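Hydrogens, waters and symmetry mates play no part in the numbers below; they use all other heavy atoms, side chains included. So you know, we letter chains A, B, ... as the sequences are listed, proteins then strands, and number each from 1. Just so it is clear, the model here is predicted, and its values are computed rather than measured.
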There are 2 protein chains.
Amino acid sequence: MNILTQQAQFDHPCPIRNVLHRIGDQWSLLVLETLSRKTLRFNEIGREINDISKQMLSRTLKRLEQDGFITRTVFAEVPPRVEYALTDVGRSFLVPMQALVQWADANHATICESRRQY
Amino acid sequence: MNILTQQAQFDHPCPIRNVLHRIGDQWSLLVLETLSRKTLRFNEIGREINDISKQMLSRTLKRLEQDGFITRTVFAEVPPRVEYALTDVGRSFLVPMQALVQWADANHATICESRRQY
DNA sequence: CAGTATCCAATGTGATACTG
DNA sequence: CAGTATCACATTGGATACTG
């Protein structure tokens, strides 16, 4: 049992299970990547990602906000305006995340080929 | 729509969806981390991770093998011996992965606190 | 505009019995 | 030892109607 799995006995303080598995869903990384360039409104994010449902966008944003990756700012206007932006934590996450995305991009073809040959 | 989501229209050549989402499950990163130190047998990996079922270990290993992250070597012995090891692709993945794990480790407490306060 | 509520399908996970 | 088969349950995801 290694250092990362060891503590999982108690209340899963294992960062892989508690942090990475959480953002390892279908949309979190895409949302963070979309917000990395600029602050956006709810529907703007949806249009950027293009094929995410309002439902999943809503849930994903709420979880990212809960985990402290993004902020949600409501403006008292009509029609309502809500802006989402990265926090410092979210912005610092971008560094390892972009390294991962670059790796995935560079090895994408190789992995697809490996799957085909299997 | 950004460069990462743009191509997703066709057959999801988006590396986030096709590569990262796949290893974003509960066990893949833990298995890769476990194999990063040395080649191991099936049950050895299970003992290291400690609370993974044979079922999920089997499935996770198969997917990682299919994607080309690990190799599976069967020795013609009795009792049977099967060893799992990282491929070059798997080993290269370790670099961005470890950066991510370190980030998760460093920000684990902050994120948990953010969840509690929500 | 920015969501929530509801319902349903697909996938992921767990426990355990069984096999070569 | 190294798995697979089966069943059950949890979580995730998708579509869409509805609301302030």
Side-chain angles (χ1 to χ4, degrees), chain A residues 5 8-9 12 14 16-31 34-35 39-67 70-85 115 118, chain B residues 5 8-9 12 14 16-31 34-35 39-67 70-85 115 118:
Chain A
T5 51
Q9 307 277 56
H12 289 302
C14 168
I16 288 185
R17 307 193 191 198
N18 220 351
V19 179
L20 299 187
H21 179 223
R22 185 116 175 212
I23 53 85
D25 63 8
Q26 187 158 33
W27 303 112
S28 292
L29 293 184
L30 286 170
V31 168
T34 301
L35 287 176
T39 294
L40 289 171
R41 299 171 67 170
F42 184 86
N43 281 337
E44 287 175 334
I45 303 172
R47 275 191 294 273
E48 288 283 324
I49 297 183
N50 189 53
D51 62 345
I52 184 173
S53 66
K54 310 174 79 163
Q55 161 91 271
M56 288 313 298
L57 180 55
S58 178
R59 285 190 201 173
T60 304
L61 288 169
K62 192 165 293 180
R63 283 219 308 205
L64 290 175
E65 185 196 359
Q66 185 176 357
D67 284 7
I70 63 176
T71 57
R72 176 178 180 274
T73 309
V74 183
F75 294 86
E77 302 175 359
V78 178
R81 180 161 62 101
V82 181
E83 290 193 345
Y84 293 91
R115 284 180 193 158
Y118 192 83
Chain B
T5 52
Q9 308 277 53
H12 288 302
C14 168
I16 288 185
R17 306 192 191 198
N18 221 349
V19 179
L20 299 187
H21 179 223
R22 184 117 177 212
I23 53 85
D25 63 7
Q26 188 157 33
W27 303 112
S28 292
L29 294 184
L30 286 170
V31 167
T34 302
L35 286 176
T39 294
L40 289 172
R41 300 170 66 171
F42 184 86
N43 281 337
E44 286 175 333
I45 303 172
R47 276 191 294 273
E48 288 283 324
I49 298 181
N50 188 53
D51 61 345
I52 185 174
S53 67
K54 309 174 79 163
Q55 161 92 267
M56 286 314 298
L57 180 55
S58 176
R59 286 192 201 174
T60 304
L61 288 169
K62 192 164 293 181
R63 284 220 306 204
L64 290 175
E65 185 197 359
Q66 185 176 356
D67 284 8
I70 63 176
T71 57
R72 176 178 181 273
T73 309
V74 183
F75 294 87
E77 302 175 359
V78 178
R81 181 160 61 101
V82 181
E83 289 191 345
Y84 292 90
R115 285 181 193 158
Y118 193 84

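- Looking at heavy atoms from C-beta onward, B:Leu35 lies in side-chain contact with B:Ile45 at the 4.5 angstrom threshold.
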- Message: Could you walk me through whether A:Cys14 and A:Val19 satisfy the side chain to side chain contact (heavy atoms under 4.5 Å, CB included) test, starting with their C-alpha distance in whole Å, then the side-chain angles of each, then the deciding distance to 0.1 Å, before giving a yes or no?
- Response: CA-CA 8 Å; A:Cys14 168; A:Val19 179; over 6 Å; no

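- Among the nucleotides D:dG14, C:dT13, C:dT4, the one closest to any side-chain atom of B:Trp27 is C:dT13.
- For A:Ile23 and D:dT12, the CD1 to C1' distance is 16 Å, given to the nearest whole Å.
- Within the nucleic acid shown, A:Gln26 comes within 4.0 Å of sugar-phosphate atoms alone, with no base atom in reach, counting heavy atoms only.
- Contact check on B:Glu83 versus B:Arg81 returns a salt bridge, with a Lys/Arg side-chain nitrogen under 4.0 Å from an Asp/Glu carboxylate oxygen.
- The distance from atom CD1 of A:Ile45 to atom P of C:dG3 is 9 Å, rounded to the nearest whole Å.
- For B:Arg72, the listed nucleotide lying nearest its side chain is D:dA2; candidates were D:dA2, D:dG14, D:dT12.
- Between C:dT13, C:dT4, D:dC1, one nucleotide has an atom nearer to the side chain of B:Arg41 than all others, and that is D:dC1.
- A sub-4.0 Å separation between OP1 or OP2 of C:dC1 and a side-chain N or O of A:Tyr84 is absent.
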- Can you run through DNA chain D from 5' to 3' and write each base as (, ), [, ], | or . depending on how it pairs? Watson-Crick or G-U wobble, both distances under 3.5 Å. ||||||||||||||||||||

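- With contacts defined as side-chain heavy-atom distances shorter than 4.5 Å, the pair B:Arg115/A:Asp67 qualifies.
- Nucleotide C:dT13 holds its P atom 12 Å from the CD1 atom of B:Ile49, rounded to whole Å.
- With rounding to whole Å, A:Arg59 atom CZ is found 11 Å from C:dT4 atom P.
- Rounded to the nearest 0.5 angstrom, B:Glu48 CD and B:Asn43 CG are separated by 12.0 Å.
- Nearest to the side-chain atoms of B:Gln55 among the listed nucleotides D:dT6, C:dA2, D:dA2 stands D:dT6.
- Closest contact between the side chain of B:Asn43 and the listed nucleotides C:dG12, D:dC1, D:dG13 involves D:dC1.
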- Task: For side chain to side chain contact (heavy atoms under 4.5 Å, CB included), just list the numbers for B:Tyr84 and B:Thr71, CA-CA rounded to whole Å, side-chain angles, deciding distance to a tenth of an Å, and then say yes or no.
- Result: CA-CA 6 Å; B:Tyr84 292 90; B:Thr71 57; over 6 Å; no

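- Mapped onto DNA chain C by nearest heavy atom, A:Lys62 and A:Pro79 fall at different nucleotides, with A:Pro79 at the one closer to the 5' end.
- The nucleotide whose nearest atom lies closest to any side-chain atom of B:Val82 is, among D:dG13, D:dG3, C:dA2, D:dG3.
- At least one side-chain heavy atom of B:Leu61 sits under 4.5 Å from a side-chain heavy atom of B:Phe42.
- Counting only heavy atoms from C-beta on, A:Pro80 has its side chain closest to C:dA2 among C:dA2, C:dT6, D:dT6.
- Side-chain nitrogen and oxygen atoms of A:Arg81 include none within less than 4.0 Å of the OP1 or OP2 phosphate oxygen of C:dG3.
- No engagement by B:Phe75 is indicated, since no non-hydrogen atom pair under 4.0 Å with the nucleic acid exists.
- Atom CD of A:Glu77 is separated from atom C1' of D:dG20 by 16 Å (rounded to the nearest Å).
- Set against C:dG3, C:dT13, D:dT12, the side chain of A:Phe42 has C:dG3 as its closest nucleotide.
- Residue B:Met56 contributes atom CE, which lies 18 Å from atom P of D:dC9 at whole-angstrom precision.
- Ion pairing between a basic and an acidic side chain is recognised when a charged N comes within 4.0 Å of a carboxylate O; B:Asp51 and A:Arg17 show such pairing.
- At a threshold of 4.0 angstrom between heavy atoms, the contacts of B:Arg22 with the nucleic acid are absent.
- With C:dG20, D:dG3, C:dA2 as the choices, the nucleotide that has an atom nearest any side-chain atom of B:Lys54 turns out to be D:dG3.
- What separates CG of B:Asn50 from P of C:dG14 is a distance of 13 Å, to the nearest Å.
- Using a 4.0 Å cut-off, no side-chain N or O of A:Ser53 falls inside it from OP1 or OP2 of D:dA15.
- In this entry the distance linking CG of B:Leu57 with P of C:dG12 reads 16 Å, nearest Å.
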